[in-house]
Number of protein chains: 2
Amino acid sequence: MADRMEDFRNQLKEKGYKLTMQRQAVLNSIIEHEGEHLSTEEIYELVKKNHPEIGLATVYRTLLLLDRMELVYKLDLDDGCSRYELNKDNEDHRHHHLICTECGSVEEVQEDLLESLEEQILQKNGFIIKDHRVKFYGCCKKCIELLRKP
Amino acid sequence: MADRMEDFRNQLKEKGYKLTMQRQAVLNSIIEHEGEHLSTEEIYELVKKNHPEIGLATVYRTLLLLDRMELVYKLDLDDGCSRYELNKDNEDHRHHHLICTECGSVEEVQEDLLESLEEQILQKNGFIIKDHRVKFYGCCKKCIELLRKP
DNA sequence: ATTCATGCAAATCGTTTGCAACCCA
DNA sequence: TGGGTTGCAAACGATTTGCATGAAT
């Protein structure tokens, strides 16, 4: 569901902000690359194809906005820059990432499966968990196969 | 159990490196503040008390070394700088952090409790997990109590 | 004596900010 | 029209690096 651009426009309007061509272009680039984890620089390069005049600072400012409006999700894949993915609006809990330390690939795990752990933490620490960030490091299927037959 | 300094000296010797006074001072500061999550700058300030001549770059270089030797563990608590904690040598899996979004406190959860999830991921994705990093965001016990009776 | 480590300053890199010109509502 | 937005360049803050000096083995 959800026309994301409509959502963006409405959230902007609510706050008295404007839907500019640059903002549309940034969101569009991310939508067109759903499933990827684009860095700010990569998004900048994508947007420049159709809008060569755009400034990097505008991309940074727009991503901040999109993050705050929860239209995108900022992630840290340990490569020294921020990366973004489209927010799946049906997610109540953040999905996990599997990072292959051999080839650097990143997969997603939609399952949450942390409920019982979170319940235990509530019992033991009295800490109410509202969100989590989980990264798994290891070896992906492809790399396991490559390592098996050399 | 481990005299950590001895461990450090041995690992250095193995690689032909030297145990300098600065390196000892950095590791000592972290040992003396076990349980905390010191930033590089904080460690720098601590070391300067006894060794005012030390340079910040040396602290950075030493922390890199300690991290590679797995004597300390680098963590990202979302405040824009790297933080370090002593590596508990009995841990096979990294412990989790509970970050309170109200007061900013950070607790640790020693329990792992991710085995069944990791097993499921192996079955489903064929991904072998070797390590993980888990951060939980929420509200700590103290803040819950404070919010209850205003 | 050799080789590695240090302190300092300069360089780097991602990100943020100040500001005059600009443009959406 | 007017206030938010942009592009540019300068500023920033954490971290890294080059280099001559200094210290550990």
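Residue numbers begin at 1 in each chain, while the letters A, B, ... track the order of the sequences.
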Here's a test of your reading of the structure: between Arg9(B) and Lys74(B), which maps to the more 5' nucleotide of DNA chain D?
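The answer here is Lys74(B).
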Can you work out whether Leu56(B) or Tyr17(B) has the more 5'-proximal nearest nucleotide on DNA chain D?
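The 5'-side residue here is Leu56(B).
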Whole-Å distance between [N] [atom2] and [X] [atom1]?
X        : N       : atom1 : atom2 : value
Leu64(B) : dA14(D) : CG    : C1'   : 14 Å
Arg23(A) : dT5(D)  : CZ    : P     : 4 Å
Asn10(B) : dT25(D) : CG    : P     : 12 Å
Tyr44(B) : dG13(D) : OH    : P     : 16 Å
Leu65(B) : dT16(D) : CG    : P     : 13 Å
Glu41(B) : dT15(D) : CD    : P     : 9 Å
Phe8(A)  : dC24(C) : CZ    : C1'   : 14 Å
Ile43(A) : dT15(C) : CD1   : P     : 10 Å

Can you tell if the side chain of Leu113(A) reaches within under 4.5 Å of the side chain of His96(A), non-hydrogen atoms only?
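Side-chain contact under 4.5 Å: no.
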What's the closest nucleotide to the [X] side chain, out of [options]?
X        : options                  : answer
Lys18(B) : dT3(C), dC24(C), dT6(D)  : dT3(C)
Leu19(B) : dT25(D), dT6(D), dG4(D)  : dT25(D)
Arg61(B) : dG18(D), dT3(C), dT15(C) : dG18(D)
Cys81(A) : dG14(C), dG7(C), dT16(D) : dG14(C)
Gln22(B) : dG4(D), dG7(C), dA24(D)  : dG7(C)

Do Arg94(A)'s NZ or CZ and the ring of Tyr73(A) fall within the cation-pi criteria of under 6.0 Å and 45°?
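Relative to the ring axis of Tyr73(A), which defines the angle, Arg94(A) lies inside both limits.
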Is it the case that [X] and [Y] place a side-chain donor and acceptor less than 3.5 Å from each other?
X         : Y         : answer
Glu118(A) : His132(A) : yes
Glu85(A)  : His33(A)  : no
Glu108(A) : His37(A)  : yes

Taking only side-chain nitrogens and oxygens of Thr58(A), does any of them come within less than 4.0 Å of OP1 or OP2 of dG7(D)?
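So the side chain of Thr58(A) is within the cut-off, an N or O lying under 4.0 Å from OP1 or OP2 of dG7(D).
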Using a cut-off of less than 4.0 Å, is there contact between a side-chain N or O of Thr40(A) and OP1 or OP2 of dT15(C)?
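Yes, within the criterion.
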On DNA chain C, check which nucleotide each of Thr62(B) and Ser82(A) is closest to and give me the residue with the more 5' one.
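The residue mapped nearer the 5' terminus is Thr62(B).
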Does any donor-acceptor pair link the side chain of Lys13(B) with the base of dT25(D) at a separation under 3.5 Å?
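Absent.
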Base, sugar-phosphate alone, or nothing: which one does Tyr60(B) contact when heavy atoms must sit under 4.0 Å apart?
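Here Tyr60(B) touches the bases of the nucleic acid.
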